[in-house]
Amino acid sequence: MTLKLRNTASGELEAFKPIADVVKLYVCGVTPYDVSHVGHAMSYVVFDVLRRYLEFRGYQVRHVQNFTDIDDRIITRAERLGIEIGELTSDMIERYMEEMRSLNVLPAHEYPCATKEIPQMIEMIEALVEKGYAYEAGGDVYYRVRSKEDYGRFSHRDLESMMAGARVEPNEQKEHPADFALWKGAKPGEPSWESPWGPGRPGWHIECSAMALRYLGEQIDIHGGGQDLIFPHHENEIAQTEAYTGKAPFVRYWLHNAWVKSGEEKMSKSLGNFIPISEALEQYSADAIRMWVLFSHYRTPLTFTSEALSAAKRGAERLRIAVRTPSNGADGDAVDAAPCREQFIAAMDDDLNTSKALAALFDLAHEINRRRDEGRKVADAQAALLELADVLGLTLTEPEADISAAPFIELLITIREELRGAKQFELADRVRDGLDELGVTLEDGPEGTTWRRRE
RNA sequence: GGCGACGUAGCCAAGUGGUUAAGGCAGGGGUCUGCAAAACCCCCAUCACCGGUUCGAGUCCGGUCGUCGCCUCCA
């Protein structure tokens with residue numbers, strides 16, 4: 001069995017074969033001008049799962065993810081806040097990193113920032129101008145889309161029909177309306193860097209090319225991002241990179257995740273209809289949020305609703321209980337996890353069918369509970385469930401309980417035990433209900449009472 | 001207008017030609033329990049609509065209706 005991925009470039013399911021031993025993975029990062037929202041969470045959880053699965057399958061992965069720490073929105077916002085752009089971006093980057101940690105997203109191996117890669121970008125732009133793929137116009141430098149005969153093929157559009165849309169801003173400096181900026185001359189007062197074309201800053205697309213080139217090489221295995229980046233970002237990235245290196249394809253497999261909807265429309269920063277990751281994390285555990293994402297396929301739009309998140313929360317709890325409840329059985333392990341493991345792998349091999357992979361985990365959890373109830377041993381199966389859940393980045397651990405509260409909870413349980421012994425059920429129930437309201441659930445079993453913390 | 005995607009049970013969501021249409025949540029009925037909780041057992045869909053291809057279609061083709069996305073910054 002091999003991993004098959006839906007390659008945006010071909011639209012086909014393709015067997016994954018890395019170019020070399022180490023899989024080169026580049027994921028488009030955020031523009032840190034504002035806090036990240038659950039749409040970003042979806043995207044980075046998806047690519048985190050891709051990375052974890054590749055590693056689970058025995059590949060070594062080198063994961064690079066950028067920060068676009070210079071652009072119009074950053075400049076505007078920093079100006080409005082009256083702070084330096086660096087102050088704004090480093091704050092947002094710090095928050096982003098913290099949120100990813102909370103979501104159990106593995107850190108990339110490199111997080112290059114656009115502003116730290118200016119020389120590389122200038123070098124690329126110069127070479128593109130020299131080769132005739134780009135031209136300078138009034139302090140700006142543009143990529144000449146006409147220089148690439150199949151420009152638009154990647155995103156399934158052609159220059160003529162794009163012009164028909166009439167949404168491309170006319171710019172008399174450009175040779176062609178679709179030509180895109182590699183370098184933007186600075187307007188007075190804007191942050192800028194020196195260049196052969198005067199002070200300015202890089203265009204959006206060039207940074208990813210320069211960083212991918214520098215940190216991963218001229219041809220990479222997988223490039224990921226949201227579907228909204230297919231055009232123009234990735235189309236342009238391909239054009240300029242392949243023009244620069246003379247090698248194609250720049251990327252072997254392009255993967256794009258769908259977007260998160262807020263109500264009936266796409267959640268996005270510009271629409272202002274977003275739910276920050278920090279806000280989601282206040283209400284739901286990382287496991288719940290990840291499970292919400294993973295319940296559906298990465299190329300299908302997701303909707304953030306309390307119903308969906310609650311379902312994920314309960315689902316995570318179900319798996320958690322299956323792995324944490326010990327068995328007192330003594331005979332050999334009663335559950336064979338191998339069939340589940342096979343189903344899990346088959347599902348993940350099929351373009352990361354996480355919905356099906358999760359179903360395999362729920363089946364295993366069910367089997368574990370059944371056998372445990374029969375008094376059989378299930379420890380090995382529980383270990384397997386934990387291992388496979390980890391491939392999806394699910395920890396299956398309970399929400400952090402306040403350690404200092406534990407002895408008091410234990411004490412209340414002991415007292416309640418005595419009340420129950422004395423058939424003082426009303427008082428005993430008051431203890432249980434009281435703890436329940438504080439987010440602690442008591443469960444009476446044959447071995448005594450246990451407690452767990454709810455999300 | 002161009003391009004892309006989607007419409008499966010109360011909700012979320014797999015399934016791309018062939019046994020009883022995965023799984024989760026919610027709901028109903030049981031077992032367990034002092035009562036609960038958790039777990040376990042049982043129940044709950046003919047796949048937007050119309051037509052076609054086929055021995056056979058949720059699954060392919062055509063059309064209708066509806067929804068979303070990209071074409072400008074966006075994960």
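Chain letters run A, B, ... following the sequence lines, proteins first and then strands; every chain starts at 1.
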Given [options], which nucleotide is nearest the side-chain atoms of [X]?
X	options	answer
A:R73	B:C40, B:A75, B:C73	B:C73
A:R370	B:C68, B:C35, B:C41	B:C41
A:H37	B:U67, B:A75, B:A37	B:A75
A:E265	B:C73, B:G69, B:A38	B:G69
A:D228	B:G34, B:G15, B:C70	B:C70
A:C28	B:A38, B:A75, B:C68	B:A75
A:N257	B:U67, B:A75, B:A14	B:A75

So [X], base contact, sugar-phosphate only, or nothing? Heavy-atom distance under 4.0 Å.
X	result
A:Q227	nothing
A:F231	sugar-phosphate
A:R416	base
A:G39	base
A:H297	sugar-phosphate
A:V27	nothing
A:G445	nothing
A:E374	nothing
A:L229	sugar-phosphate
A:Y44	sugar-phosphate

* Asked: Below 6.0 angstrom between ring centroids: does that apply to A:Y96 and A:Y111?
  ->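 Centroid distance A:Y96-A:Y111: not below 6.0 Å, so no.
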* **Check: A:Y284 ring centroid to A:W292 ring centroid under 6.0 Å** =>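 No - the distance between ring centres of A:Y284 and A:W292 does not fall below the 6.0 Å cut-off.
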* Separation of A:Y44 OH from A:L106 CG (nearest 0.5 Å) ->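 Here the interatomic distance stands at 15.0 Å.
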Atom [atom1] of [X] with >12 non-hydrogen neighbours under 6.0 angstrom:
X	atom1	result
A:F425	CZ	yes
A:R324	CZ	yes
A:R299	CZ	yes

Gap in Å between the two [atom1] atoms, one belonging to [N] and one to [M], rounded:
N	M	atom1	value
B:A14	B:G52	C1'	28 Å
B:G29	B:G34	C1'	22 Å
B:C71	B:U59	C1'	31 Å
B:A48	B:C40	C1'	38 Å
B:G63	B:C3	P	13 Å
B:C12	B:G27	C1'	15 Å
B:A21	B:G58	P	11 Å
B:A26	B:A38	P	8 Å

* **Any A:T300 side-chain N or O less than 4.0 Å from OP1/OP2 of B:A14** =>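 Yes, within the criterion.
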Base partner of [N], which must satisfy Watson-Crick or wobble distances under 3.5 Å:
N	answer
B:C65	B:G7
B:G58	none
B:U53	none
B:A38	none
B:U46	none
B:C73	none

* Establish whether the base of B:G15 is bridged to the side chain of A:N353 by a donor-acceptor pair shorter than 3.5 Å. =>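 It does not, because no donor-acceptor pair links the side chain of A:N353 to the base of B:G15 below 3.5 Å.
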* To do: Decide yes or no, distance alone: a donor-acceptor N/O pair under 3.5 angstrom between the base of B:C35 and the side-chain of A:D444.
  =>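 Between B:C35 and A:D444, which were checked side chain against base, a qualifying N/O pair under 3.5 Å is present.
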Polar atoms only, N or O, under 3.5 Å: list the protein pairs with nucleotides 3-5 of chain B and their distances.
residue, atom, partner, partner atom, Å
B:C3, O2', A:H156, O, 3.1

* Structure fact -> Its contact letters, B for base, S for sugar-phosphate only and - for none at protein heavy atoms under 4.0 Å, make nucleotides 21-32 of chain B read -BSSSS------
* **Side-chain H-bond candidate by donor/acceptor type, A:H63 with A:H109, under 3.5 Å** => no
* Considering heavy-atom distances to RNA chain B, does A:T441 or A:L302 have its closest nucleotide positioned more toward the 5' end? ->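 Mapping each residue to its closest nucleotide by heavy atoms, the 5'-most match is A:L302.
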* **First encountered from the 5' end of RNA chain B, between A:R420 and A:T303** => A:T303
* Qualifying residue, where the test is side-chain hydrogen bond (donor to acceptor under 3.5 Å, both in side chains) with A:Y298 and the options are A:D351, A:N353, A:T354 -> A:D351
* Please work out whether the ring planes of A:H256 and A:H234 are parallel, tilted or perpendicular, with thresholds of 30° and 60°. =>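 Geometry flag for A:H234 against A:H256: tilted rings.
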* Who pairs with A:N369 by side chain to side chain donor-acceptor pair (under 3.5 Å), at least two apart in sequence or on another chain? ->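 Side chain to side chain donor-acceptor pair (under 3.5 Å) check on A:N369 returns A:R372.
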* **NZ/NE/NH1/NH2 to OD/OE distance under 4.0 Å, A:R314 and A:E317** =>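 Salt bridge between A:R314 and A:E317, a charged N being under 4.0 Å from a carboxylate O: yes.
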* To do: Check whether any side-chain heavy atom of A:I289 sits under 4.5 Å from a side-chain heavy atom of A:V38, and report yes or no.
  => no
